[in-house]
Enquirer: 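This is the structure, below, for whatever I ask next.
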Number of protein chains: 2
Amino acid sequence: MSQDTPRPDSRASRSVTLQDIAAHAGVSRSTVSLVLRESPLVAEDTRRRVQRSIKALGYVYNRGAAALRGRRTATLGVVVYDIANPFFGAMVAGIDAALNREGYVSFLANSEDSPARQQRFLERMREHRVDGILLCPAQGTDPRLIDTLASWQIPCIQVLRHIGEPPFDYAGTDFRRGVGLAIDHLVAQGHERIAFLGGHIEHSATRERWQGYREALARHGLAYQRLLRSDVTRRAGFALIPVLMAESPAPTAVVCHNDLVAFGALLGLKRLGRVPGRDCAVIGTDDLEEAALGDPALTSIATHPHAVGEEAARLALRRIGNPDGARELVVLSPRLQVRDSCGAHASTLESPVTTT
Amino acid sequence: MSQDTPRPDSRASRSVTLQDIAAHAGVSRSTVSLVLRESPLVAEDTRRRVQRSIKALGYVYNRGAAALRGRRTATLGVVVYDIANPFFGAMVAGIDAALNREGYVSFLANSEDSPARQQRFLERMREHRVDGILLCPAQGTDPRLIDTLASWQIPCIQVLRHIGEPPFDYAGTDFRRGVGLAIDHLVAQGHERIAFLGGHIEHSATRERWQGYREALARHGLAYQRLLRSDVTRRAGFALIPVLMAESPAPTAVVCHNDLVAFGALLGLKRLGRVPGRDCAVIGTDDLEEAALGDPALTSIATHPHAVGEEAARLALRRIGNPDGARELVVLSPRLQVRDSCGAHASTLESPVTTT
DNA sequence: TCTACGATTTGGATCAATCCAAAAACAAAC
DNA sequence: GTTTGTTTTTGGATTGATCCAAATCGTAGA
C-alpha cells in the first residue's frame, strides 16, 4: 500500500534482460547468451527451453550492450556525395540488399561533395564504432584520408571513385574499358571525329574515362581529339553542345561522362535543329532507367550501380572478417547498351516495353 | 624482459577511456563526462584543462557505451520503399541535412515495398535502440503496425504515405490540393475532359489524389470523369495512353500520379503521333529535376521532397524530445510548376537554363 | 571564528551484454 | 568403482559511459 515503494516492474518497465530469461529458463546468463548467438555448444534441449523463455518474456536483444563487450556492432557507414542522383540510389539499394542478408545495417550520409561534411560524418561513425565504411569520396578529399581511416583501425572500401593509388579496397566499374567499347562501336559505324563531354579533374573516375578516350582514339589511329570539361549535369551537356557544334570541323559523335550530360546533349542538339543519332551520335554512361525511355532512346555504357553496391558491401564484410588480408579491387565490366541515339538503329521511337 | 608479462599498453592498444582522461587531467571520471556533455556545472578552468587532456590523449567518445547507461542513442531509422527513385533520394537528402545539424545519424533501409523486409528492418532497429523511426510504409503494410511500434515505445513518424487514420505523426504533401491546383489550371485553359492516370488502391497517397481529382471536377461542374489505375512507372504511363486515346470521347488533358507516369504518357502520345501540350495536355506530380528538361518540358505539381524530408526529421526530433506531446501532421502545400506540356506556353523547346 | 549556502566535484552503482577459465555433468574405458 | 575424456554449463570480471546522492570547496554573513 505504501506509495513510496516502487514495485520492481512499475511503469518505467525495466526491459527484459538475459538475466530474466536465465531465471525463467532455469539456466545461467551465459547459456542464454550462447543460445542467442547460436553457439553449437549448447545442448539441444536447453536451447529449446531457452528459446521458449525468450518468446514468453518478449525479450529484445540489446545490440548496443553486446557491442560494448564484444567487438562488433554489425553496422556500417555509407557515404555518398549525391543521394538524389538515381545512380547512387540504385547503388545504395544494392548495398542494402547485400547487407540485409548478413544482418548488418548501415548508416547513410550524403556528403554533398563537401570534404568537411564528409569528415564530420566519418568522425561520428568512429564514435558509433561502425565495423567498416563504404566511401564514395567527395571531390577534393585529402588523399591522406585513407591513411587516417587506417590509423583509426576502421576498414574502408572506396566505391566508384578513389583517392590516391592502390593498394586499398575498391569496388567500381572499369570506366576506361567502357569508354573504349563506346568508341569501338562508333568507329565501326564509320565515325572519325568523336568528342568527349564532361567531368572535372578532381577524381579517379574522370581520369579513367579520359584515359579510355585517348587510348581508344590512339588504338584506332584517329587524329581528331576533343575533350570538354564540365559539370556532370544535364545543364552542362545542354550548354556545351552549341559550343562543340560551332567548331569546324565539328564532331560527328559525342561520348558523355554520364547519362545526365547525355540527356542534356540530346536536348541541346534538338535545340539546334539537329536530329540526335542521325546528325550527331550521342552515347551516355550509366544506363539509367530513363535512358531506354528517352526520345531518342539513349545508347549508354551500362555501369550497373546495383551490382557495384552489392560487390562493395560484400567486400566490406570480407574485410571485416579478415582485416589483415590483401587489399582487393573489384572492378566490374561495363556493357554497351546500344539504342537509337548513336544511329545504329533506325531513329524511330522505340517502345520501352521491348527494351529491358 | 620477460615475454609472458604483457605490458598494459601492448599491441591490442586498449582504447582511451574517460578514466584515462580523468587521470591525465587530475579530476574524476564524472567531471570528464560532464565536460563532454557540455554541462554548465563544471568550472571554466577545469573544463579547459580536461579538454586539453582529451586532445592530448586522442580520446574518442564511445556512443555505444553512453547509450547503454543513458537513454538516447542519437540514431534514427529511416525506411523508404524505393531509394532508386530520385524522389526518395531528394527526400533522404533532406532528412540527412536536418539530422546532421543535430548530431543525429540515420540507418537507412530500402523495403522494396515488401512488408516482410520492412518488418525485419524495424525489428533490427529496435535491437539497435534507435530513438525514432521515419517510415514510408510499404504497400500492404498491416495497419496495426503503428500500434506495434507504439507498444515498442519507439516514436514513429510516417512520411508521404500513412496507414490507418490520425492521430499519428505524419509529414507529407497535400496531394489533394495539388491535384486540385492542376485541374483548376486546366479548366482555366478551357479543358473539360480531364483524366487521371496511375496509382494503386493500397495507400493514402493515392486515395488523396483521387479524392482531389473528384472534388475538383465536382467544384467545376464537369461531368466527364475517367480514372485509370496502374503502376506508377514510366512503362505504365506509356502503355495506358493508347487505351485512353482510343476512347470516345477521349480526354483532352491527363493529370498523372507522378512524373514518371507523366514521362511515359508524353512518350505514349508522341508514339501516337500527337503533340503533347497541343493535342493533349499532360501534368505530372513531384516536379523532379528532369521535368524541366523534358521535351516538351513537363508541367508538374511540385511536392518538394527535400522539404518533406527535413520536416519529417524535425518532427521526429521534436517527438523524441517530448514523447507524450500531441501528435502532429505537417502537410506542405504543393505548387503548380507550369511548363509546356499543358499547352499554356507556346510549345517550343524551353531552355533549361531559364527554368529553375 | 563559525555557520550557511551555492557552486563544483566525486565515487559507487548501474546499464546489458560478452569473455574466459574453471566447474559440473555425463559417458566411456579400465 | 575409479579414472579419463568429452560435452555443457557457469559465475565473476569486463566493456565504457551515465546517474545520483553525497562530499568538498569557497565565500559571504552573523
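Letters go in sequence order (proteins before strands), and every chain restarts at 1. Keep in mind that this is a model prediction, so the values were computed, not measured.
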Enquirer: From OH of Y59(A) over to P of dA16(C), roughly how many Å is that when rounded to an integer?
Expert: 10 Å

Enquirer: Going by ring-ring contact (aromatic ring centres under 6.0 Å, His included), name the residues that satisfy it together with F121(A), two or more places apart in sequence or in a different chain.
Expert: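 Scan of F121(A) (ring-ring contact (aromatic ring centres under 6.0 Å, His included), adjacent residues dropped) gives none.
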
Enquirer: Can you check the L36(B) CG to dA17(D) P distance for me, whole Å?
Expert: 8 Å

Enquirer: What orientation do F168(B) and H162(B) show, parallel under 30°, tilted 30 to 60°, or perpendicular over 60°?
Expert: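 Answer is tilted, since the angle falls between 30° and 60°.
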
Enquirer: Do Y81(A) and R161(A) have side-chain N/O donor and acceptor atoms under 3.5 Å apart?
Expert: yes

Enquirer: What is the distance from CZ of R48(A) to P of dT8(D), rounded to the nearest Å?
Expert: 13 Å

Enquirer: Less than 3.5 Å apart, any donor N or O on the side chain of N110(B) or R117(B) sitting next to an acceptor on the other?
Expert: no

Enquirer: What does nucleotides 5-12 of chain C look like as a protein-contact string, B for base, S for sugar-phosphate only, - for none, at under 4.0 angstrom between heavy atoms?
Expert: ---SSBBB

Enquirer: Please report, rounded to the nearest Å, how far the C1' atom of dG16(D) is from the CG atom of L57(B).
Expert: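 In whole Å, dG16(D) C1' lies 15 Å from L57(B) CG.
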
Enquirer: In whole Å, what is the span from the CZ atom of R129(B) to the P atom of dC15(C)?
Expert: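 It works out to 13 Å between those atoms.
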
Enquirer: From CZ of R63(B) over to C1' of dA17(D), roughly how many Å is that when rounded to an integer?
Expert: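 From R63(B) CZ to dA17(D) C1': 12 Å.
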
Enquirer: Under a plain distance cut-off of 3.5 Å, with no hydrogens placed, do S28(B) and T31(B) share a side-chain donor-acceptor pair?
Expert: yes

Enquirer: Round to a whole Å and report the spacing from CG of D45(B) to P of dC25(D).
Expert: 16 Å

Enquirer: Specify whether F107(A) and H128(A) have parallel, tilted or perpendicular ring planes, treating 30° as the upper limit for parallel and 60° as the lower limit for perpendicular.
Expert: tilted

Enquirer: Measure from CG on L68(A) to P on dA16(C) and round the result to the nearest Å.
Expert: 12 Å

Enquirer: Kindly point out which of dC19(C), dA17(C), dA17(D) is positioned nearest to the side chain of L18(B)?
Expert: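 Side chain of L18(B) sits closest to dA17(D).
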
